[in-house]
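Right, one structure below, let's go through it.
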Protein chains: 2
Amino acid sequence: MSQLDAIDTAILKVIQQHGRISNAELAERIGLSPSACSRRLDILEKSGVVTGYHARVSAKALDYKMIAIVHISLSGQFAKTLTEFEAAVKLCPNVLVCYLMSGEYDYILRVAAKDLEDYERIHRDWLSALPHVVKINSSFALREVIDRPNVGI
Amino acid sequence: MSQLDAIDTAILKVIQQHGRISNAELAERIGLSPSACSRRLDILEKSGVVTGYHARVSAKALDYKMIAIVHISLSGQFAKTLTEFEAAVKLCPNVLVCYLMSGEYDYILRVAAKDLEDYERIHRDWLSALPHVVKINSSFALREVIDRPNVGI
DNA sequence: AGCCGCTTTGCAAGGACATTGCGCGCATCC
DNA sequence: GGATGCGCGCAATGTCCTTGCAAAGCGGCT
């Protein structure tokens, strides 16, 4: 991928916030002809700068009213241990985010649940069943203050 | 908003993963005529079930190579304290996510930075400057294992 | 300075697409 | 049983996306 110029950055800034904007309106906003804009966007997509488009669905419309932050420690940091854990955690659809971390815990997870009972099920059937786990620490989000799709550029 | 039926759910499932899909292809995937599909999607958007569409931009294409998870404790839980902290944290463009939490820390943040030097700047100019903060604990993500845009439905 | 090649732009055309009105089928309720 | 409302498919029209093509900007080189 070549370097991004000011026009590319402007395109990215718009489509981050308005992913389903028409090419015509996008072109107008950034001051370019629709054809040039379409070609630039095409390059951004094919070169992997734009990795996808996603609709954001109201969590409570789907009855997901709870967010838990889960800190997990494993029994070791061997590559095999990490690989097996990660393969297993990827299968749980309720895990939205998972990072391998520095610091006190090995992994940090963001988990969506419909309610406390649902979370208890997830904890029992999924999280506790993950391999090599020696400690699980769940905290619950009381309120979402910020949830940006991307860093403001 | 009325209840979501199986077709609505199917639509949501597709557009969560393919936010820029054409209405024609969406209709074909879920087995509906384009007109009916367009009308359903319109209802889902106007009723607030679909809250927006966003392009996902490769973080490293923008040179954001670091993700920090920051735990923050405040000096108290008075409403005024929380409100002032939240107003301030919302201004920092590097803070992608912020939750008010139960548990040991009051807030948990996901912060994007270009590199360690950039994070040092964010920490100094933004995080340390947030009002009522008494403790900041930063951990760094070594690797992103999962980052789903939405819960799998 | 002038030339040349590369890149990117704007324009135009044709083909696809989104949207809206309309009539029909189906279920519900009186 | 008839009326009513809801959601569907079909068709048409206006918009939009895309691609070919020529010209303009830009940098390097002589």
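Convention: sequence-line order gives letters A, B, ...; per-chain numbering from 1. Computed from a predicted structure; not experimentally measured.
The CG atom of D42(A) sits 10 Å away from the C1' atom of dT18(D) (whole-angstrom rounding). Atom CD of E25(B) is separated from atom C1' of dA16(C) by 13 Å (rounded to the nearest Å). The distance from atom CD of E28(A) to atom P of dT9(C) is 17 Å, rounded to the nearest whole Å. Atom CG in L4(A) sits roughly 12 Å away from atom P in dT8(C) (whole-Å rounding). Rounding to whole angstrom units, CG of residue L26(B) and C1' of dA18(C) are separated by 12 Å. With rounding to whole Å, R40(A) atom CZ is found 13 Å from dG10(C) atom C1'. Following rounding to the nearest Å, L41(A) (CG) and dT8(C) (P) show an atom-to-atom distance of 15 Å. Here the P atom of nucleotide dT19(C) and the CD atom of E45(B) are 8 Å apart, to the nearest Å.
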Practice task
Step by step, work out the salt bridge (charged side-chain N to carboxylate O under 4.0 Å, His left out) result for R121(A) and E117(A).
Solution key: CA-CA 6 Å; R121(A) 176 190 62 80; E117(A) 183 184 356; over 6 Å; no
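We find that D42(A) and R39(A) are not joined by a salt bridge, their nearest charged nitrogen and carboxylate oxygen being 4.0 Å or further apart.
Annotation: side chain to side chain donor-acceptor pair (under 3.5 Å) contacts of H71(A) (sequence neighbours excluded): H71(B). A88(A) meets the side chain to side chain contact (heavy atoms under 4.5 Å, CB included) test with L130(A), P131(A); sequence neighbours excluded. Under the ring-ring contact (aromatic ring centres under 6.0 Å, His included) criterion, Y53(B) pairs with no residue at all, not counting sequence neighbours. Qualifying ring-ring contact (aromatic ring centres under 6.0 Å, His included) partners for H132(B), counting only residues two or more places apart in sequence or in other chains: none. A search for side chain to side chain contact (heavy atoms under 4.5 Å, CB included) contacts involving M66(B) returns A113(B), L116(B), F140(B), not counting sequence neighbours.
Summary of helix geometry: the two end axes of the helix from dA1(C)-dT30(D) to dC30(C)-dG1(D), each defined by five base pairs via their C1' atoms, are inclined to each other by 30° (rounded to 10°).
Comparing dG7(D), dC17(C), dT9(C) by their closest approach to the side chain of A24(B) singles out dC17(C). The side chain of S22(B) lies closest to dA18(C), out of dT8(C), dC17(D), dA18(C).
Contacts with DNA chain C (heavy atom under 4.0 Å) in residues 31-38 of chain B: S35(B), S38(B), listed by number.
Applying the salt bridge (Lys or Arg N to Asp or Glu O under 4.0 Å) test to residues at least two apart or on different chains, the pairs with a partner in residues 53-69 of chain B are R56(B)-D147(B), D63(B)-K65(B). Within the structure, salt bridge (Lys or Arg N to Asp or Glu O under 4.0 Å) pairs that include any residue of residues 75-97 of chain B comprise R143(A)-E86(B), K80(B)-E84(B) (at least two apart or interchain). The list of salt bridge (Lys or Arg N to Asp or Glu O under 4.0 Å) pairs with a residue in residues 15-24 of chain A, not counting sequence neighbours, is empty. Each salt bridge (Lys or Arg N to Asp or Glu O under 4.0 Å) pair with one or both residues in residues 94-104 of chain B, not counting sequence neighbours, would appear here, but there are none.
With the nearest nucleotide of DNA chain C identified for both R39(A) and R20(A), R39(A) has the one nearer the 5' end.
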Below 3.5 Å between N/O atoms, which protein atoms pair up with nucleotides 25-29 of chain C? Just atom names and distances, please.
none

